[in-house]
Amino acid sequence: MNDRITEWDGGWLQVKVPLPYSLKWVNAYLLPEGEAGWTVIDPGLRLEETEAFWEELMRSRNLAWTSITSIVVTHHHPDHYGMAGWFQERTGAPVWMSPVALRNVRRLWGEGETFSDELTAALLRHGLPAELGEAMHGHLAGFREKVSPHPREVRLVSPGETFVMGGIEWEVHGGEGHAPGHLLFYDRMSRRLLGGDQVLPDISPNIGWMPGGDPDPLLSFLDSLRRLRSLEVGILFPGHRNPYSRYRERIDELLDHHVRRMNKMAELIGDGELTAFEVCELLFGAKLRSNTHNLRFALAETIAHLVRMEAEGMIVRIVHEGAPGEAAERWRRQ
Ligand SMILES: [Zn+2]
């Protein structure tokens, strides 16, 4: 257990909560609230394994569940939000998140959701082979239990406000592109940033297009990064990997990465007329077909880039309306 906990200045605990994906873990942070207890940020994906993990962690640290006085979620993704309700059940603490994140939670996993149908249909339009469509649908529906139970009580916090936790009055900043309504918490005094998944070290945060969501998430992401770049950050506490201090350099690398990615995709399209799925396979390899989770992220990311390339005049979209479930959208160079 101890190898999964790192103590930082001010008694903060970085807790590496296990994930069954290539990301391996998500960072939850425990910030001490003096005598009162702790605030937990991004408790993780709800699985039997993560429940057992937290039970053991609380035992090994001699912490009572009631010592958790507040639960904060940076964004709605299941690996961050998934255990919020489970934590609330045990602690009675309020869950804080942005209004946009809460809307997404309801759209993706609320009663009678239609999102798994909509996303699967959209990916089929973009060339996902029909035989993978069913697995995709099942994969999406499978997240419902990994985010249950949902918190009964959610309190809202928005960019532009201040938020007090861990004895610090944080500036709340917004980030877009990776997740709508993503929150970042910045302390100007100590130059600390709790960054969620907006700016990650080593890995480029997934920028995924979704039907009915942000129409141009890559633009939103790049704009967010340019805006966030003005913060003076001494150390960033990210949602994955370890805290780091190369903040502006990392932002510049990410900005660069996406320009290079778009150029690479234009090159791959060449003189052809390709679906997003075909571009995705050229980019990431056909082995993706065997991993629905990774395929979904890769394809959503590919579409996000194609949409931006279209807006920049690099490519055009060709729509052939066929039967539902058939690839209807293709891309060629301008
Ligand atoms: Zn995320």
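Quick note: residue numbers are just sequence positions, from 1.
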Is there a donor-acceptor pair closer than 3.5 Å between any side-chain N or O of Thr50 and the backbone N or O of Leu45?
yes
Is the distance from the ring center of Phe237 to that of Trp12 below 6.0 Å?
yes
*Charged N to carboxylate O under 4.0 angstrom, Arg333 versus Asp271?*
no
Within the side chain of Glu278, is there an N or O that forms a donor-acceptor pair under 3.5 Å with the backbone of Thr275? yes
- Query: If you count the non-hydrogen atoms of other residues, nucleotides and ligands that lie under 6.0 Å from CD in Glu249, is the total more than 12?
  - Reply: yes
Are the side chain of Thr292 and the backbone N or O of Ala135 linked by a donor-acceptor pair below 3.5 Å? no
Margin query: When you compare the side chain of Ile203 with that of Leu23, does any pair of heavy atoms fall below 4.5 Å?
Written below: yes
Without swapping roles, check the side chain of Tyr29 against the backbone of Gly239 for a donor-acceptor pair under 3.5 Å.
-> no
Residues 294-316 vs ring pair (Phe, Tyr, Trp, His ring centres under 6.0 Å), sequence neighbours excluded, gives His258-His305, His293-Phe297
Between the CG atom in Leu218 and the CH2 atom in Trp209, the distance rounded to the nearest 0.5 Å is 14.5 Å
Hydrophobic cluster identity match, Met83 and Ile68, side-chain contacts under 4.5 Å: yes
- Message: For Asp3, is there an ion pair with Lys16 - N to carboxylate O distance below 4.0 angstrom?
- Response: no
So, the side chain of Glu310 versus the backbone of Val316: is there a donor-acceptor pair under 3.5 Å, distance only?
-> no
Rounded to the nearest 0.5 angstrom, the CG-CD1 distance for Asp42 and Ile71 is 11.5 Å
So, Arg248 and Glu232, do they make that salt bridge, N to O below 4.0 Å? yes
Is it true that the side chains of Ser60 and Glu56 contain a donor and an acceptor less than 3.5 Å apart? no
(request) Can you label the angle between the Trp65 ring and the Phe87 ring as parallel, tilted or perpendicular, going by 30° and 60°? (result) perpendicular
Problem set entry | Salt bridge flag under 4.0 Å for residues Glu51 and Arg46 | yes
query = Got a salt bridge between Arg125 and Glu321, using NZ or NE/NH1/NH2 to carboxylate O under 4.0 Å?
reply = yes
Taking Gln198 for the side chain and Glu176 for the main chain, is one N or O donor matched with an acceptor at less than 3.5 Å? yes
For residues Leu236 and Trp25: do they belong to one hydrophobic cluster (side chain heavy atoms under 4.5 Å, members Ile, Leu, Val, Met, Phe, Trp, Tyr)?
no
(message) Is the ring pair His182/His75 parallel, tilted or perpendicular, if the boundaries are 30 and 60 degrees?
(response) parallel
Side chain to side chain donor-acceptor pair (under 3.5 Å) with Asn206: of Glu301, Arg296, His178, His77, only one passes, and it is Glu301
Exercise. Establish, for the pair Arg61 and Trp38, whether the NZ or CZ atom is under 6.0 angstrom from the six-membered ring centre and no further than 45 degrees off its axis.
Key: no
_I'd like to know if the side chain of Asn27 and the backbone of Pro238 have a donor-acceptor N/O pair within less than 3.5 Å._
yes
Check this for me, if you would: do Glu253 and Arg250 make a salt bridge, where the nitrogen-to-carboxylate-oxygen distance has to be below 4.0 angstrom?
yes
Arg155 meets the salt bridge (Lys or Arg N to Asp or Glu O under 4.0 Å) criterion, sequence neighbours left out, with Glu153
